[in-house]
Amino acid sequence: MRLIARYAVELEEAYEVVTVWDEQTDRVRVPKSDPHIETLSRTHPAAIWFERKMHDDFGIIIDNAFDNRPLVHQERFPRGLHPMQKHFTQTAIEPAEYLPYKYEAIGGDGVFEVAVGPIHAGIIEPGHFQFSQAGEDMLHQEVRHFYKYRAVEKMLEGKTLQEAKAIIERISGNESVAYQTAWRDIVLQAAKSELPEANRKYHALLLELERIIHHLTDLGFIPNDAGFGAALAFCSKLSEEARRQMQCLTGHRFGFGAISFDEVQIDTEALRVYLDDLEKEMMFFEEWITDIPSLWDRFDTTGILAHHKALKYDTVGVVARASGVAQDRRDNDFYRTHGFVLHTEKSGDVAARFKQRLAEVKNAIVMMRALLTETTESVVLNEVHGGDYTAYAESSLGELFMNIIVKDGIIERFFVRDPSFMNWQALHLMMPGNIIADFPLINKSCDLSYAGNDL
Amino acid sequence: MIRFWNKRLKTGILTEAPDIDEELAALRKSLKDEVKKKFAGSLAIRMVDSGSCNACEAECNALSNPYYDLERLGIYFVASPRHADVMLLSGLMTFNMTPHVLDAYAQIPEPKWVVTLGDCPAMQAPFEKTFAVNAPATEHLPVAHHIPGCPPAPDAIIRGLLAFLKKI
């Protein structure tokens, strides 16, 4: 079974630990007076971040875990504080005494450590990478994040679903439409309302446009990190044009506020012309870029994530599919009738992730044509019913999981698992056998979100 | 490769000065003098994300695409705070990032300025105060100028930087 998420919910006298698998959901109650739970990390290594977070959030003790270090709470975070507990209501905390974090490191003659971050050299999000090096060779890498932790889960408690929308769509800017789509599905479940086919098509079209923008950006940045700047100039032009399409359609370059229950008119003719143009540009780009041997010399066999490891670490999205894992939330009748083809690559290296993105852009163009619709209908929502609601979306990074518990019309618990939360934990598997100069290239080929991961 | 050069000739120059051309022309002389006097001909920016959604960073990256090409104005992004004149700060100043932001600021040689980017550092985005949020940035750093927007589009960032240069 594939592990999707693991999180805790606070009840009156107990914590309920929810473990979501692709085939079932397990619920275990542990008393608040002595909260203990057995680790899953022996069989599913990616469970460890969920469990470390659960400890930071609620103080639940994880038995037999190979790693008990704090995850979200960093060096200066006050000890013994578990802010997701309901009785914690402070809106400010004072930094505590600095307690060093013990990094994973490999010892040995001449082995040294390289610390990178949290602030990086380029215009990128903050996060920390700690390398154990034997000369140029990377022996091990630890990914350490949560510098951007804003406590969004706590922030949303006590709000209505409508009030939460503006925050949910800003959790991760690159995945805004995906987050909004998951939010939409939860609202529909809670209001026991149906979405007209035309609206569904329009929202799916926006999600594909978001995917195109994100992939095009990466298709430029990946070759750029291998020293081929011309591709960046070419693709950043295309991604700017795609972003302007998003602006035309939704009034916002990132689609903030795009998913609503209102009626929308769409200029399908202009969009059709744009898609034809983009298709031609992509044909040119693919032919051109495939023909540059020195570039593929850097891409091929760099940063391999083997198929069995991609499965073992429960990876999702582009990273999983590039390693031959046929997993995609769009793999259903609705998407298939609109031209979706599940593409996978085999080699699991930078080249595979690059080709995967190329294939997904081309498929997204085909799908957007099939999803074109002149107008959507306005939907009148029924009253919101309390309950435990789950929704999924396939963002440009991979499978997004969202769960909201609604009680008396307001959010009792909000939990979201960004695709990056899974994939960051598999990043270190791609490092051994590569030199440190290839790290930026490997990292960019995965292009994971820090904001969505850290929340 | 010959296909590429053909394509390049056909595409031509895309760089536009969206609708700021007039403003820019008027500003150019004083801007040039200011940059020359205060920044030896070029303004170096160290971008620091203190807990954003990554949209502000995406728009800063877009400043380098062929449509905007920020460097033609003598303004460019540098890798080290020690090479910077200005810290461009986005995000909510999270509890975890605050010490690192202050550290980066301390590394910038005098004279230095902080420009905040986007609604987050000014606490004007939809995000609310939690224990993990230390914004507004003005409580922690001497902010010289603010560029609003969620996120500010590339032309709004250019406009904002020009306004900042005019101000100092």
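Per chain, numbering begins at 1; letters A, B, ... match sequence-line order.
- Comparing Pro118(A), Ala92(A), Ser449(A), Ser176(A) by heavy-atom pairs within less than 4.5 Å of chain B, the highest count is held by Pro118(A).
- Judged by distance alone, with hydrogens and angles left aside, the side-chain atoms of Lys237(A) form no donor-acceptor pair with the main-chain N or O of Pro66(B) at under 3.5 Å.
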Side-chain donor-acceptor pairs under 3.5 Å in residues 45-54 of chain B, sequence neighbours left out?
residue	atom	partner	partner atom	Å
Arg46(B)	NH1	His120(A)	O	2.9
Arg46(B)	NH1	Ala79(B)	O	2.7
Arg46(B)	NH2	His120(A)	O	2.8
Arg46(B)	NH2	Gly122(A)	O	3.4
Asp49(B)	OD1	Gly51(B)	N	2.7
Asp49(B)	OD1	Ser52(B)	N	2.9
Asp49(B)	OD1	Ser52(B)	OG	3.3
Asp49(B)	OD2	Lys148(A)	NZ	2.6
Asp49(B)	OD2	Ser52(B)	OG	3.3
Ser50(B)	OG	Ser90(B)	O	2.8
Ser50(B)	OG	Gly91(B)	O	3.4
Ser50(B)	OG	Met93(B)	N	2.9
Ser52(B)	OG	Asn54(B)	N	3.0
Ser52(B)	OG	Glu57(B)	OE1	2.6
Asn54(B)	ND2	Glu125(A)	OE2	3.2

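- To the nearest 0.5 Å, atom CG of residue Leu63(B) and atom OG of residue Ser236(A) are 11.5 Å apart.
- When Phe146(A), Tyr147(A), Tyr450(A), Phe88(A) are compared by the number of non-hydrogen pairs under 4.5 Å with chain B, Tyr147(A) comes out ahead.
- The part of Phe254(A) that comes within reach of chain B is its side chain, from C-beta onward, which places non-hydrogen atoms under 4.5 angstrom from that chain.
- Rounding to the nearest 0.5 Å places CZ of Arg253(A) at 4.0 Å from CD of Glu59(B).
- Contacts between residues 76-86 of chain A and chain B, defined by a heavy-atom separation under 4.5 Å, are made by Arg76(A), Phe77(A), Pro78(A), Pro83(A).
- The cationic group of Arg150(A) does not satisfy the cation-pi geometry with Phe95(B), failing either the under 6.0 Å distance to the six-membered ring centre or the 45° limit from the ring axis.
- With Thr91(A) contributing its side chain and Phe131(B) its backbone, the two residues share no donor-acceptor pair below 3.5 Å.
- Between chain A and the residues Pro154(B), Pro126(B), Ala132(B), the most heavy-atom pairs under 4.5 angstrom are made by Pro126(B).
- Interface check for chain A: of the options Ala104(B), Pro81(B), Ala62(B), Pro99(B), the most heavy-atom pairs under 4.5 Å are formed by Pro99(B).
- For Phe284(A), the ring pair (Phe, Tyr, Trp, His ring centres under 6.0 Å) partners at least two apart in sequence or on another chain are Phe234(A), Trp288(A).
- Using a 4.5 Å cut-off between heavy atoms, Phe127(B) contacts chain A through both its backbone and its side chain.
- Residues of residues 161-172 of chain A that come closer than 4.5 Å to chain B, counting heavy atoms only, are Ala166(A), Ile167(A), Arg170(A), Ile171(A), Ser172(A), ordered by residue number.
- Crowding of Glu94(A) atom CD: a count of heavy atoms from other residues, nucleotides or ligands under 6.0 Å not exceeding 12.
- Proximity to chain A is absent for every atom of Ser80(B), based on heavy atoms less than 4.5 angstrom apart.
- Ranked by heavy-atom pairs under 4.5 Å with chain A, the list Pro151(B), Cys56(B), Cys120(B) is led by Pro151(B).
- The heavy-atom pair separating His252(A) from Cys150(B) by the smallest distance is NE2-O, 2.9 Å.
- With chain B as partner, the option from Ile93(A), Ile124(A), Asn174(A) having the largest number of non-hydrogen pairs under 4.5 angstrom is Ile93(A).
- Annotation: the span from Asn96(B) atom CG to Tyr149(A) atom OH amounts to 9.0 Å, rounded to 0.5 Å.
- Between Tyr67(B) and Glu240(A), the shortest heavy-atom distance links the atoms CD1-CG, 3.5 Å.
- Looking at every heavy atom in both residues, His100(B) comes nearest to Ile119(A) through O-CD1, 3.7 Å.
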